[in-house]
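Here's the structure, in structure tokens; my notes come after.
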Amino acid sequence: MQAHKLTNRLLIGRNVSFISRLTRFAMTLILLLAITLPGMAEDQVFTPTRAQKGVRTSTDVIAVTLPATALAVTLIERDWEGLKEGALSAAVTTGVTLGLKYLVKEQRPDFSNRHSFPSGHSAVTFASATYIGRRYGWKWSIPAYALSTYTAWGRVYGRKHHWWDVAAGAAIGAASTMLFTHPYMQKHEAVLVPAVTDTSAGVIMSFTF
């Protein structure tokens, strides 16, 4: 059992080290983009088509629904540790996103304001999808990532963001969540024990709470 725990700790340490390097790289890239992104003229006017308006509305709905779903799952599971980790991830995601918006002041493609970089919708949805997958398993995150990807595409299609805005938002949301959210199974030291009898064979799963 001690060797099992030591192996887990080593694996966790390697994962944290990799995530830390990945996060530093992502943040460096985002800051470089923030410095080099060009501004756009403010005197232009853009009128979205009906299709673009519909996509914009759908991405607004998803940006609210996806984090609400993640919260609902957490409360249903009574996963209070996950609730704390999710709140911290959300706070970091929001803080970094808003900070960069007011620091960079990039003009939106529809010329509505100078808060294009990075995409808040992409940051929120990818943070939610990553939280669901990281905390409760990748199978649960597949539809969440599909909706997040659609949201990122929709923000570009609807002329609310450039492609680099949504890429940066997705990186911020995913990286923040990966840093602060731990797998539920790992956090509770899930153990799989093979069980064999004269007539059957199976696996027993145990948890530590």
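- A pairwise comparison of heavy atoms in Y131 and A70 identifies CD2-CB, 4.0 Å as the closest pair.
- P48 has its side chain out of reach of R159: every pair of non-hydrogen atoms, C-beta onward, lies at least 4.5 Å apart.
- Minimum interatomic distance between A152 and F126 (heavy atoms only, all atoms of both residues): CB-CE1, 4.3 Å.
- Under the 4.5 angstrom side-chain criterion for Ile, Leu, Val, Met, Phe, Trp and Tyr, the cluster partners of L71 are L75, W80, L83.
- Not a single donor-acceptor pair under 3.5 Å links the side chain of R108 to the backbone N or O of N113.
- A144 meets the side chain to side chain contact (heavy atoms under 4.5 Å, CB included) test with L66, A129, I132; sequence neighbours excluded.
- Salt bridge annotation for R155-D60: present, with a cationic side-chain nitrogen under 4.0 angstrom from a carboxylate oxygen.
- Clustering ILVMFWY residues whenever any of their side-chain heavy atoms sit less than 4.5 angstrom apart, transitively, puts W163 in a cluster other than the one holding Y145.
- Between R134 and E85, every side-chain heavy-atom pair lies at or beyond the 4.5 Å cut-off.
- Contacts of S58 classified as side chain to side chain contact (heavy atoms under 4.5 Å, CB included), with partners at least two apart in sequence or in another chain: V55, Y150.
- The structure places NE2 of H115 at 11.0 Å from NE2 of H161, a figure rounded to the nearest 0.5 Å.
- Follow the hydrophobic side-chain contacts under 4.5 Å out from V92 and you reach L103 in the same cluster.
- Side-chain contact annotation: Y136 with T74, donor-acceptor N/O pair under 3.5 Å present.
- Every residue two or more places apart in sequence or in another chain that forms a salt bridge (Lys or Arg N to Asp or Glu O under 4.0 Å) with R56 is listed here: D110.
- Judged as a ring-ring contact (aromatic ring centres under 6.0 Å, His included), not a single pair has a partner in residues 47-70 (not counting sequence neighbours).
- As a member of the Ile/Leu/Val/Met/Phe/Trp/Tyr network built from side-chain separations under 4.5 Å, W138 groups with I142.
- Taking the side chain to side chain contact (heavy atoms under 4.5 Å, CB included) definition, one finds that A51 meets it with T49, Y157, sequence neighbours left out.
- Residues satisfying the salt bridge (Lys or Arg N to Asp or Glu O under 4.0 Å) criterion with K53, sequence neighbours excluded, are absent altogether.
- For S89, the side chain to side chain contact (heavy atoms under 4.5 Å, CB included) test picks out T177, F180, T181, with sequence neighbours left out.
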Handout entry: T125 vs I62, side chain to side chain contact (heavy atoms under 4.5 Å, CB included): CA-CA, chis, key distance, verdict
Key = CA-CA 8 Å; T125 54; I62 293 172; 4.1 Å; yes
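- Between H182 and R135, some side-chain heavy-atom pair lies under the 4.5 Å cut-off.
- Considering all non-hydrogen atoms of both residues, A63 and V124 come closest at O-CG1, 3.6 Å.
- Side-chain contact between K101 and P118: present, with at least one pair of heavy atoms (C-beta onward) separated by less than 4.5 Å.
- Residues I172 and L88 fall within the same hydrophobic cluster, defined by Ile, Leu, Val, Met, Phe, Trp and Tyr side chains chained together at heavy-atom separations under 4.5 Å.
- Looking at residues two or more places apart in sequence or on another chain, you find no side chain to side chain donor-acceptor pair (under 3.5 Å) involving T65.
- With sequence neighbours excluded, the residues that form a side chain to side chain donor-acceptor pair (under 3.5 Å) with S122 are S119.
- With sequence neighbours left out, T151 forms a side chain to side chain donor-acceptor pair (under 3.5 Å) with no residue at all.
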